[in-house]
Amino acid sequence: MRLRAIPQFINTLPFDLIIIGAGINGVASARDAAMRGLKVLLLDKEDICSGTSAYSSRLIHGGLRYLEHAEIDLVRESLREREHLFRNAPHLVKPLSFVVPLYDRNKRPPWMIKVGMLGYDLLSYDKSVPNHQMLSPAKTLNRLAGLNPEGLKGAAKYYDGQVELAERLCLENALSAQAHGAMVLTYSQVKKLIIENDIVRGVEFEDRFTGKLYRACAPVTLNVSGPWVDQILQGTGRKTKRYMGGTKGSHLIVDYFPGAPQDAIYLEAYSDGRPIFIIPWEGRYLIGTTDIRYDGNLDQVKADDAEIDYLLKETNLIIPTANLTPDLVLYTHCGIRPLPYQESGSTASITRHHIIKDHTPEFEGLLSVIGGKLTTYRALAEHAVDAVFKKLGQKSPQCSTTHIAMPGANTSDFTAFGQWFQQNSGLPETISKRLLHIYGTRSTRIAEMVACQPELKESFCSETGAIKAEILFAVQKEMACTLGDILLRRTMVGLNAKAGLGADENAAIVAQQYLGWSEQRMADEIAAYRKYIKRFRPSELQ
Ligand SMILES: Cc1cc2nc3c(=O)[nH]c(=O)nc-3n(C[C@H](O)[C@H](O)[C@H](O)COP(=O)(O)OP(=O)(O)OC[C@H]3O[C@@H](n4cnc5c(N)ncnc54)[C@H](O)[C@@H]3O)c2cc1C
């Protein structure tokens, strides 16, 4: 349910730009466009960050392996964006050390990795993290005692970035867009494009809570719906070319295991030479990913048994003490990479560059975004908004997103802010640390709520220590509409070992007490949440 209804008169509002899709690329485009003075309507059929952006490996990386495909400009752009994110979102995007073990069985010999590392260092000449290091076999095993020593010739160690809570990065972009005047409507599904004389005038969308249809108009519509781009184009009522060729990628989430690494491991799979990551994440490990062409239902993607077996087998081979079995998988994440359609060839070779497609002359007033990485979202948004201004026939104001911090990084020194907050928030250290990790400088607002109503300091999830105030904050200040929004994309409790099971009931009780949810709504929300998370295959529900 929404806090505020969709305005009846939305069809009369003079938007400059309608954006379809509130994944990372849609929210960032909305933010940039709103900052440059455009009147923006951002629509998503579900919540902010409920598509691919929530199911990535959560790396803000240059993409070492793109060097192999000679995508030098993409690597440079990614490394530059990584630095912007370290600076503008220090609470969410942090350096992470990686180790690439070098085995005599590997397809890529050590000299090739060394050359790649040198190239990576050169392309990130302006970086804030250290250069790479080559490690001897002994030093490698000293650092990663669990690695299989057989055939180990050493390792390369380097730094990249990680956004543990990609959902929050999306949300903060959406909040910033809203603060700059954008209208953000979630659970608003675009059903068709309004077309007159081959000109896209706007969209017809459905409020998924009421089933009511609305129309909104703007001279430009930006289709940035990730893997769903072609579905939106079907809403033109014409047969259009196929643009998207999504590939499915799955991750396993497991607890600490014997031999688990302190660094992220970037390994070459024994069975097929594919790259696989074992990544420390939120006190657990994210193991992934697969890369399989996918033509199925985009709303029902799940990791399958073969993917789970493959990732477990490869982990157990490189870390023999791990002994991971399917019952040790807490849950899985699975998403579809929104890649440009390519009829044949290896999935790894499909470019990760983004394309801003102008549909002129077929349709005027319509742009679609194809491809893109989480890492390069800001640059993608800048390019998309430049293209929007071009279509509007207006001179574009300067893009400012390279140097304006995210809402949760509203300080010149985040470390100093963190120390100040811990000393002055009046909250126990565990709670203040948790709040800083999730909300950054916006934690002060939750502390203020607790200061007014001290009982809101009580926890509703014993594992994460999440407090009641966060639920109110999610709904009243962060556009959460459902229990799923609260757990999976605001408080992040849905990423705990049980995928939020158990905490879901506690959270619904808090919503009943403080937000007026009825008994019926509580039951419906819990049932909907449990149905939704079945896609993660949580061990608790197996
Ligand atoms: C397994 C995997 C691992 C990855 N790892 C990384 C990584 O480590 N680093 C990296 O940089 N990139 C990574 N990526 C790529 C990255 O995640 C994606 O490129 C990026 O998240 C795409 O964002 P998006 O906003 O374009 O699409 P999405 O996040 O999918 O957003 C599209 C939105 O459009 C909405 N939508 C769809 N249809 C409609 C409609 N009819 N009306 C309204 N809204 C609609 C959806 O609900 C969705 O919210 C990975 C991807 C995958 C799948």
Side-chain angles (χ1 to χ4, degrees), residues 18-30 41-63 66 74 77-78 81-82 85 93 96 160-164 166-167 169-170 173-174 185-193 203-206 208 221-235 244 246-251 264 266 275-277 279 281 286 288-292 294 298-299 301 303 307 332-340 347 352-354 368-381 384 489:
I18 295 172
I19 298 178
I20 308 170
I24 191 70
N25 292 321
V27 290
S29 301
L41 171 63
L42 172 64
L43 300 168
D44 200 287
K45 69 184 173 73
E46 292 191 28
D47 187 24
I48 293 151
C49 200
S50 50
T52 315
S53 303
Y55 304 119
S56 76
S57 306
R58 298 164 187 265
L59 299 178
I60 300 297
H61 62 155
Y66 308 140
L74 176 62
E77 181 181 59
S78 305
E81 290 304 319
R82 188 183 74 177
L85 281 163
V93 182
L96 178 68
D160 242 322
Q162 181 183 37
V163 53
E164 287 189 290
E167 298 83 348
L169 184 64
C170 280
N173 272 278
L185 296 178
T186 53
Y187 298 94
S188 297
Q189 180 162 13
V190 171
K191 292 288 187 181
K192 66 176 191 192
L193 300 175
V203 300
E204 186 174 286
F205 67 95
E206 183 189 74
R208 293 188 65 192
T221 297
L222 180 65
N223 172 15
V224 58
S225 53
W228 291 267
V229 157
D230 287 334
Q231 280 186 14
I232 297 293
L233 295 175
Q234 281 161 18
M244 304 306 301
T247 69
K248 178 185 176 196
S250 296
H251 289 95
Y266 186 173
I276 294 178
F277 291 112
I279 308 169
W281 175 70
L286 199 60
T289 171
T290 51
D291 196 3
I292 303 164
Y294 186 80
L298 294 172
D299 297 305
V301 283
E307 290 176 280
T332 61
H333 273 175
C334 180
I336 304 297
R337 296 179 184 82
L339 300 178
T347 49
R352 265 53 174 177
H353 266 294
H354 56 259
S368 293
V369 173
I370 294 135
K373 299 166 58 187
L374 187 65
T375 307
T376 47
Y377 80 82
R378 193 215 58 80
L380 182 153
R489 294 171 289 269

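Residue numbers start at 1 and run along the sequence shown. Order of listing sets the numbers, starting from 1, for every ligand and every atom in it.
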What pair of heavy atoms forms the shortest contact from [X] to [Y], and how long is it?
X    : Y    : result
A30  : L42  : CB-CD2, 4.0 Å
P227 : L298 : O-CD1, 3.3 Å
E81  : A379 : OE2-CB, 3.4 Å
S29  : I19  : C-CD1, 3.7 Å
C170 : V27  : O-CG2, 3.6 Å
I60  : T375 : CA-OG1, 3.5 Å

Kindly confirm or rule out an N or O of [X] lying under 3.5 angstrom from an N or O of ligand 1.
X    : value
S250 : no
G371 : no
Y55  : no
V190 : yes
K45  : yes
S53  : yes
G372 : yes
R337 : no
I24  : yes
Q189 : no

The answer for which part of T52 has a heavy atom under 4.0 Å from ligand 1 is both

Logged contact type for Q231 with ligand 1, heavy-atom cut-off 4.0 Å, is neither

Distance under 4.0 Å to a non-hydrogen atom of [X]: what atoms of ligand 1 satisfy this?
X    : result
G335 : 53 (C)
R58  : 8 (O)
P227 : 30 (O)
I336 : 53 (C)
L374 : 10 (C), 11 (O), 12 (N), 16 (C)
T289 : 1 (C)
T375 : 9 (N), 10 (C), 11 (O)
G51  : 29 (O), 30 (O), 49 (O)

Without hydrogens or angle criteria, can the side chains of W228 and D299 be said to hold a donor-acceptor pair below 3.5 Å?
-> yes

Is there a donor-acceptor contact under 3.5 Å linking the side chains of T186 and D47? no

Sequence neighbours excluded, the answer for ring-ring contact (aromatic ring centres under 6.0 Å, His included) partners of Y187 is F209

Shortest protein heavy-atom distance from [atom], along with the residue and atom involved:
atom                    : answer
atom 5 (N) of ligand 1  : S57 N, 3.0 Å
atom 49 (O) of ligand 1 : D44 OD2, 2.6 Å
atom 31 (O) of ligand 1 : G23 CA, 3.3 Å
atom 6 (C) of ligand 1  : S56 CB, 3.5 Å
atom 26 (O) of ligand 1 : N25 ND2, 2.9 Å
atom 9 (N) of ligand 1  : L59 O, 2.8 Å
atom 27 (O) of ligand 1 : G226 CA, 3.5 Å
atom 40 (C) of ligand 1 : I232 CD1, 3.6 Å

- Query: So Y55 and H333, would you call those rings parallel, tilted or perpendicular, with 30° and 60° as cut-offs?
  - Reply: perpendicular

Across all chains, not counting sequence neighbours, the salt bridge (charged side-chain N to carboxylate O under 4.0 Å, His left out) partners of E307 are K248

Side chain to side chain contact (heavy atoms under 4.5 Å, CB included) with S53: of S50, S56, C49, only one passes, and it is C49

Find out whether [X] and [Y] are in side-chain contact, i.e. whether some heavy atom of one side chain is under 4.5 Å from a heavy atom of the other.
X    : Y    : value
K373 : S78  : yes
Q162 : W281 : yes
V203 : L193 : yes
I279 : L96  : yes

Worksheet item: Are any of the heavy atoms in S78 under 4.0 Å away from ligand 1?
Response: no

Margin query: Measuring from non-hydrogen atoms of K191 to any atom of ligand 1, is the shortest distance under 4.0 Å?
Written below: no

- R378 side chain vs A28 backbone, donor-acceptor pair below 3.5 Å: no

